[in-house]
Amino acid sequence: MRSARDIMTPGVTCIGANDDLQTAARQMMELDVGSLPICGEDNQLKGMLTDRDIVVKVIAAGRDPRGVTAGELAEGKPVTIGADDDAEEILETMSEYQVRRLPVIDGHELIGIVAVADVARALPDRPVGDLVESISQH
């Protein structure tokens, strides 16, 4: 079975934990992505930031995105997958944590992101269909 390393999207761009959310939103727009990993000054993964986080937790709450840092929205320990974990483990982790994207870690280094679409391209349809159904129910 293929590993996360085989099916991930490499070359991930992080948003700094101290960067404001206007900067994050601009970076998402330029990269045409809906989420970014949040990395600290130590280059360690602190969490994931989504466009929905910015809208719901900041804009809808009446906060100024220029006055909120990405690190303020990093909650708990980020859910990740190891570079050598197989596609079945990716699906199980996505389903358990109800996420559509997982940062891929090799040792302590962020090396990529694996998304549902990446898994869909690598596996037969039904396991991915089961995952999408599981995530969509919550």
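- Note on Leu102: it does not cluster hydrophobically with Val33, by side-chain heavy-atom contacts below 4.5 Å among ILVMFWY residues.
- Contact annotation: the side chain of Asp118 never approaches that of Arg101 to less than 4.5 Å [non-hydrogen atoms, C-beta and beyond].
- Residues Val104 and Thr80 have side chains not in contact (no heavy-atom distance under 4.5 Å, counting atoms from C-beta outward).
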Chi angles and distances behind the side chain to side chain contact (heavy atoms under 4.5 Å, CB included) call for Glu96, Glu92: CA-CA 6 Å; Glu96 178 180 347; Glu92 288 173 11; 6.0 Å; no
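- Put simply, Leu73 and Met28 are part of the same group of oily side chains (I, L, V, M, F, W, Y) that touch within less than 4.5 Å, one to the next.
- You'll find the side chain of Pro37 stays beyond 4.5 Å of the side chain of Ile15, heavy atoms only.
- Here the shortest heavy-atom pairing between Val12 and Gly112 reads CG2-CA, 3.1 Å.
- In this structure a side-chain-to-backbone donor-acceptor pair under 3.5 Å is present from Asp6 to Ser3.
- The side-chain heavy atoms of Gln27 and Thr13, taken from C-beta on, include a pair separated by under 4.5 Å.
- In this structure, Asp53 and Leu21 have side chains that are not in contact, with every pair of non-hydrogen atoms separated by 4.5 Å or more.
- In this structure, Leu36 is not a member of the same hydrophobic cluster as Val55, with clusters built from ILVMFWY side-chain heavy atoms closer than 4.5 Å.
- We find the NZ-NZ distance between Lys77 and Lys46 to be 12.0 Å, quoted to the nearest 0.5 Å.
- A pairwise comparison of heavy atoms in Ile111 and Ala83 identifies CD1-CB, 3.7 Å as the closest pair.
- For the pair Arg2 and Asp86, the salt-bridge criterion is not met [side-chain N within less than 4.0 Å of a carboxylate O].
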Residue pair Arg63, Glu72: steps toward the salt bridge (Lys or Arg N to Asp or Glu O under 4.0 Å) verdict: CA-CA 12 Å; Arg63 299 174 72 190; Glu72 288 178 58; 3.2 Å; yes
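- No path of Ile, Leu, Val, Met, Phe, Trp and Tyr side chains, each step under 4.5 Å between heavy atoms, connects Met8 with Leu31, placing them in separate hydrophobic clusters.
- The closest side-chain heavy-atom distance from Ile38 to Leu45 is not below 4.5 Å.
- Scanning both residues, Arg66 and Asp20, for their nearest heavy atoms gives O-CB, 3.5 Å.
- With a 4.5 Å cut-off on side-chain heavy atoms, Met48 and Pro103 count as touching.
- Taking each heavy atom of Gly16 and Ala70 in turn, the nearest pair found is O-CB, 3.6 Å.
- A continuous path of ILVMFWY side-chain contacts below 4.5 Å connects Leu49 to Val68, so both sit in one hydrophobic cluster.
- Of the possible polar contacts, one joining the Thr93 side chain to the Glu89 backbone as a donor-acceptor pair under 3.5 Å is found.
- Listed here is the closest heavy atom pair of Ile90 and Val114: CG2-CG1, 4.1 Å.
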CA sep, side-chain torsions, deciding dist, call: Ile105, Ile81, side chain to side chain contact (heavy atoms under 4.5 Å, CB included): CA-CA 6 Å; Ile105 304 294; Ile81 196 80; over 6 Å; no
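- When side chains are defined from C-beta on, Asp51 does not count as touching Ser35, because their heavy atoms never get closer than 4.5 Å.
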Test side chain to side chain contact (heavy atoms under 4.5 Å, CB included) applied to Met94 and Arg100, step by step: CA-CA 6 Å; Met94 286 177 165; Arg100 297 173 190 264; 5.9 Å; no
